[in-house]
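Heads up: the structure comes next, in structure tokens.
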Amino acid sequence: LELARYYARRRGVPAERVLALDLPTTESISRRDYERLLRDPLLAALREQKLVEQVRREEDKVGAHESGWTTVRSEVRYLVLFHGVPLRVEDSKPWPLDKVARLVHQGYQRDEAAVDSELCLVLQDGYELRGRVANPYYNQFRWEQPAGGGVLLMVGRLDAPEPGLVKGMIDQALYAERYGLQGRVYIDQRDLHNDEYRMGDYWLEEAGQRLAREGYDLSLERTDAVFGDRYPMDEAAIYLGWYTEQVTGPFARTNFAFRPGALAYHNHSGNARSLRSATQNWTGPLLARGAAISMGAVAEPFLNYTPHLPIVIDRVCGGAPWADAVYLSMAALSWQTTVLGDPLYRPFSVPLDEQIKRLEEAGDEGVAWAYARKAQQYVREGRLHLALRYLRERLKAKDSTVLREKLADLYALNELYDDAAINYELALKRSPSAETAVRVGVRYLSLLEALGKKEQAARVNAELRERWSDSLFLDALPRVGP
């Protein structure tokens with residue numbers, strides 16, 4: 001309850017709109033208890049506060065599991081669930097019948113669902129519980145409700161393995177909403193496969209291309225492996241990937257931390273089966289490592305009924321709130337997806353130039369990442385020399401590892417290899433962590449090897465190994481020699 005009140009204060013939500021319900025403490029709730037303890041009290045509270053206007057239906061026309069109310073007016077667009085609200089509605093069939101139904105219908109005809117997704121339809125009485133309900137807003141650019149309000153709600157969840165993490169999710173979203181989402185993007189695809197899962201790799205590819213348009217530097221894993229335990233992932237603002245059941249790689253490290261406001265998502269069936277663990281599945285661990293927003297499935301969703309990533313990322317980059325972006329990307333409701341984080345969070349609510357201005361005024365170190373994005377946007381516009389000049393001018397004002405690395409990358413792109421080497425060397429000297437040093441080192445060593453400068457590569461490699469001799473990330477460095 002305190003988390004809900006804290007969120008209401010930070011977002012300017014009237015205190016009376018915080019609703020406390022007596023709910024089970026487990027992550028699963030029966031269909032009967034969902035209706036009796038959550039749905040019906042929620043509707044009663046909305047009517048009492050005159051946020052919705054409903055009329056009672058004739059009792060003999062009310063079917064099983066229906067609320068019996070018809071909505072004629074609504075002022076509600078979002079619902080926010082907090083840590084402690086059950087995560088999934090259990091299938092109403094007895095276990096043996098449920099098992100048979102899953103075999104016969106391949107799991108499509110069950111009424112198990114994420115509580116969040118079920119509540120999307122809480123104002124819409126009389127829909128089919130078995131299977132999915134088509135989302136009329138799927139692939140639209142905006143969630144535009146009709147006059148008088150709509151009967152579909154967007155439901156977000158501020159939840160994590162520990163209640164204390166939720167406050168951080170709220171604060172980080174507000175920070176990044178003001179200053180922008182700054183850092184690196186990491187995308188984990190599979191190798192090329194012409195199989196039934198190819199669509200998932202296509203989604204990741206398209207999402208990456210959309211983020212590149214925003215000026216982000218992308219680190220890509222394009223093999224059947226995932227980012228490894230000793231992969232030097234640093235300064236991660238966005239992570240998108242798949243496909244392992246349990247959290248692994250950098251995210252399994254207890255000292256790993258995302259940048260403020262980070263978006264992190266790993267697609268796997270049941271990636272949000274539980275949010276109570278910081279070490280099991282994926283969504284909980286990503287939130288425990290500092291992600292502000294994520295999403296996941298509480299049970300098998302089937303790939304085509306997970307959020308369509310290119311739509312999510314495009315709508316987010318276009319300035320949409322987090323909940324809008326996700327719900328516009330889902331083909332079905334009353335299904336398995338839970339949407340984690342502040343539903344109102346808009347990481348791209350202001351243009352990059354305004355982000356830079358605000359970061360400069362605040363003296364925030366994140367401005368270096370915003371400068372790098374601006375330079376990359378110049379490159380995408382074909383103005384490489386302007387990008388180089390822009391970075392050199394910023395470095396005169398204040399040196400930066402981020403900008404040195406970016407300048408080195410652009411010099412190499414322009415075939416100014418000596419200038420690139422100078423700036424890679426300076427970036428390595430300024431590197432604040434082994435992760436950064438090794439990641440920059442791998443890029444620099446690749447350039448030196450391509451140029452046939454084996455002695456210089458051997459020296460750089462040896463210096464890295466000496467300076468960071470106790471680091472596990474050294475395994476990522478190639479073995480080179482004269």
Side-chain angles (χ1 to χ4, degrees), residues 182-187 208-209 211-223 231-235 367-469 471 473-482:
Q182 313 299 344
R184 297 185 63 82
V185 172
Y186 295 86
I187 296 182
Q209 290 301 314
L211 290 166
R213 285 164 50 190
E214 297 299 322
Y216 288 104
D217 283 320
L218 275 59
S219 294
L220 305 176
E221 162 57 64
R222 283 177 164 154
T223 73
Y231 179 81
M233 183 179 290
D234 67 323
E235 304 292 347
V367 73
W369 290 104
Y371 290 153
R373 287 177 55 201
K374 184 67 176 180
Q376 184 60 30
Q377 288 186 342
Y378 284 140
V379 173
R380 289 183 62 85
E381 294 168 1
R383 298 193 284 175
L384 178 58
H385 292 292
L386 177 59
L388 290 169
R389 184 168 71 247
Y390 179 83
L391 290 173
R392 288 193 294 259
E393 289 173 353
R394 269 74 197 158
L395 281 165
K396 286 180 182 177
K398 185 177 181 180
D399 211 339
S400 160
T401 304
V402 173
L403 297 186
R404 287 291 177 192
E405 180 187 1
K406 187 63 183 176
L407 185 58
D409 290 345
L410 297 189
Y411 275 136
L413 182 64
N414 209 28
E415 298 183 359
L416 299 171
Y417 299 123
D418 290 342
D419 290 322
I422 291 170
N423 282 277
Y424 278 132
E425 297 273 359
L426 290 171
L428 288 175
K429 288 179 180 178
R430 292 185 52 86
S431 292
S433 67
E435 293 99 313
T436 300
V438 171
R439 185 182 50 74
V440 175
V442 168
R443 184 170 295 193
Y444 184 26
L445 289 170
S446 297
L447 175 64
L448 292 175
E449 287 289 297
L451 296 174
K453 297 185 176 183
K454 295 185 178 181
E455 290 186 2
Q456 190 173 348
R459 174 187 60 78
V460 171
N461 197 315
E463 289 175 355
L464 282 166
R465 292 181 184 280
E466 180 180 1
R467 181 182 175 188
W468 306 101
S469 59
S471 174
F473 302 118
L474 293 175
D475 288 351
L477 291 175
R479 293 286 178 180
V480 298

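By convention here, the first residue in the shown sequence is residue 1.
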Working for side chain to side chain contact (heavy atoms under 4.5 Å, CB included), residues Arg394 and Lys398: CA-CA 6 Å; Arg394 269 74 197 158; Lys398 185 177 181 180; over 6 Å; no
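- Nearest heavy-atom pair, Arg404 versus Asn423, reported as atom, atom and distance to 0.1 Å: NH1-OD1, 2.8 Å.
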Side chain to side chain contact (heavy atoms under 4.5 Å, CB included) evaluation trace for Phe473 with Trp468: CA-CA 9 Å; Phe473 302 118; Trp468 306 101; over 6 Å; no
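- Distance CG/Asn461 to NZ/Lys454: 14.0 Å, rounded to 0.5 Å.
- Contact annotation: the side chain of Glu221 never approaches that of Ile187 to less than 4.5 Å [non-hydrogen atoms, C-beta and beyond].
- Here the OH-CG distance, from Tyr231 to Asp475, works out to 14.5 Å after rounding to the nearest 0.5 Å.
- Two residues are said to be in side-chain contact when any heavy atoms from C-beta on lie closer than 4.5 Å; Tyr444 and Glu425 meet this criterion.
- Side chains of Leu410 and Gln376 form a contact here, defined as non-hydrogen atoms less than 4.5 Å apart.
- Taking a 6.0 Å sphere around CD of Glu466, one finds it holds 12 or fewer heavy atoms contributed by other residues, nucleotides or ligands.
- In terms of modelled atom types and a separation under 3.5 Å, the side chain of Thr401 and the main chain of Arg430 share a donor-acceptor contact.
- The backbone N or O of Leu428 lies less than 3.5 Å from a partner atom in the side chain of Arg467, making a donor-acceptor pair.
- In this structure, Arg373 forms a cation-pi arrangement with Tyr216, its terminal cationic atom sitting closer than 6.0 Å to the ring centre and no more than 45° off the ring axis.
- Scanning all heavy atoms of the two residues, the minimum distance from Leu447 to Ala412 falls at CD2-CB, 4.3 Å.
- In this structure, Arg383 is not positioned above the aromatic face of Tyr378 in the sense of NZ or CZ being under 6.0 Å from the six-membered ring centre and within 45° of the axis.
- Leu451 places none of its side-chain heavy atoms less than 4.5 Å from the side chain of Gln456.
- Side chain of Asp217 to backbone of Val185: no donor-acceptor contact under 3.5 angstrom is found.
- To the nearest 0.5 angstrom, Asp409 atom CG is 12.5 Å from Asn414 atom CG.
- Put simply, the side chain of Ser431 never gets that close to the backbone of Ser433: no donor and acceptor are under 3.5 Å apart.
- Between Ser471 and Ala434, the shortest heavy-atom contact is OG-CB, 3.3 Å.
- When all heavy atoms are compared, the tightest approach of Lys406 to Ala372 is CE-O, 3.9 Å.
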Worked verdict on Tyr417 versus Tyr411 for ring pair (Phe, Tyr, Trp, His ring centres under 6.0 Å): CA-CA 6 Å; Tyr417 299 123; Tyr411 275 136; over 10 Å; no
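- Of all heavy-atom pairs spanning Ala437 and Leu464, the tightest one is O-CD2, 3.9 Å.
- The side-chain heavy atoms of Glu435 and Met233, taken from C-beta on, include no pair separated by under 4.5 Å.
- For Lys453 and Asp418, the salt-bridge test passes: some basic side-chain N is under 4.0 Å from an acidic carboxylate O.
- Annotation: side chain of Glu455 is not in contact with side chain of Arg459 (no heavy-atom distance under 4.5 Å).
- Using a 4.5 Å heavy-atom threshold, the side chains of Arg439 and Arg184 count as touching.
- Formation of a donor-acceptor pair under 3.5 Å by the Thr436 side chain with backbone atoms of Pro432 is not found in this model.
- For Ala457 against Leu445, the heavy-atom pair with the smallest separation is O-CD2, 3.3 Å.
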